[in-house]
Amino acid sequence: MTTVTCDLSVSLDGFTAGPHPTRERPFGDVVGTGEVLHSWMFDHGSAHADEIAGILRAGAFVMGRGMFSPDRGPWDLGWRGWWGDEPPYRAPVFVLTHHERAPLVMDGGTTFHFVTGGLDEAVARAREAAGERDVSVAGGATVVNACLAAGIIDELRLHVVPAVLGLTGGVRLFDGVGRHTFEAVGARQTPEVTHLVYRRRRAD
Ligand SMILES: NC(=O)c1ccc[n+]([C@@H]2O[C@H](COP(=O)([O-])OP(=O)(O)OC[C@H]3O[C@@H](n4cnc5c(N)ncnc54)[C@H](OP(=O)(O)O)[C@@H]3O)[C@@H](O)[C@H]2O)c1
């Protein structure tokens, strides 16, 4: 059966991005191009190969438009995401948005499908596309929080970086998700990040 996973890099104070992302600074103010939250992945990748492979193992992905683009409103069709011509997903990616757009086929097996029918439709299409493989909820925090609130995520993998961002804006992980209980099933501590794995038990 398909497991719905979610990997997120998060600061000690619960942020996954800063406010005001731009094309040049995908993670917004303070976080900029993502070094603070993703140095473990970008600069120390070989030390975290298993965790990175775990993210990319999924057979389909769900993400919010904010993870695909900093823009709002009608699409600029010239924008093809932050990952260049060959994104690392190599699978269908279902991008939640209120603005219709034709599928975008990239090199290497990634196709971005833009879903305007809501979260349930995006997850259903991702499950179907993934077959027996996992579905990964890739972010950002708005979509992850919606998935947590709806009890959609079976396995939550937090990559906690030892930094307090001290932001006054931006979306914080777990805001508005209600009460949930998890089983802690994995933890690995390194100097640059602590990997924590939780399985969903039940919503209180
Ligand atoms: N730290 C990490 O691991 C990590 C991971 C992923 C992303 N990020 C960062 O997080 C930031 C984005 O996160 P975010 O929370 O601001 O945004 P997000 O969750 O990526 O996307 C939110 C957007 O998705 C669309 N959306 C969400 N739910 C929808 C629904 N039910 N129906 C239709 N459309 C829906 C809306 O787009 P419309 O504008 O089309 O209405 C909404 O504005 C970026 O800076 C990104 O780089 C960090």
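Every number for a ligand or one of its atoms is a count from 1 in the order of the listing.
Between H44 and H48, the ring planes lie perpendicular to each other; the angle is over 60°, past the 30° to 60° tilted range.
Under a 3.5 Å cut-off, the side chain of R200 and the backbone N or O of I153 do form a donor-acceptor pair.
Considering backbone and side-chain atoms alike, D71 places every N or O at 3.5 Å or more from each N or O of ligand 1. Polar contact with ligand 1: absent for A138 (N/O pair, distance under 3.5 Å). For a threshold of 3.5 Å applied to N or O pairs, the pair formed by T142 and ligand 1 contains at least one separation below that value. Geometrically, ligand 1 and G140 share a nitrogen or oxygen pair separated by less than 3.5 Å. Of the polar atoms of M67, at least one N or O is found under 3.5 Å from an N or O of ligand 1, judged by distance alone. Below 3.5 Å of separation, one finds no N or O of D7 facing any N or O of ligand 1.
Counted by atom type alone, S11 and D13 present one or more donor-acceptor pairs between their side chains at under 3.5 Å.
Ranking protein heavy atoms by distance to atom 21 (O) of ligand 1, first place goes to G66 N, 3.0 Å. Shortest contact from atom 3 (O) of ligand 1 to any protein heavy atom: S9 N, 2.9 Å. Scanning the protein heavy atoms around atom 8 (N) of ligand 1, the nearest turns out to be F27 CE2, 3.8 Å. The nearest heavy-atom contact from the protein to atom 37 (O) of ligand 1 is R65 CB, 3.6 Å.
Taking a distance limit of 4.0 Å, we find that atom 42 (C) of ligand 1 is approached by no protein heavy atom.
In this structure, M63 falls outside the shell of residues with a heavy atom less than 4.0 angstrom from ligand 1. Taking a 4.0 Å cut-off on heavy atoms, P26 registers as neighbouring ligand 1.
Proximity annotation for atom 4 (C) of ligand 1: of L37, V161, L8, T116, L8 comes nearest, heavy atoms only. Between L119, V137, D175, it is L119 that holds the heavy atom closest to atom 31 (N) of ligand 1. The closest non-hydrogen atom to atom 32 (N) of ligand 1, taken over H98, R172, M41, comes from H98.
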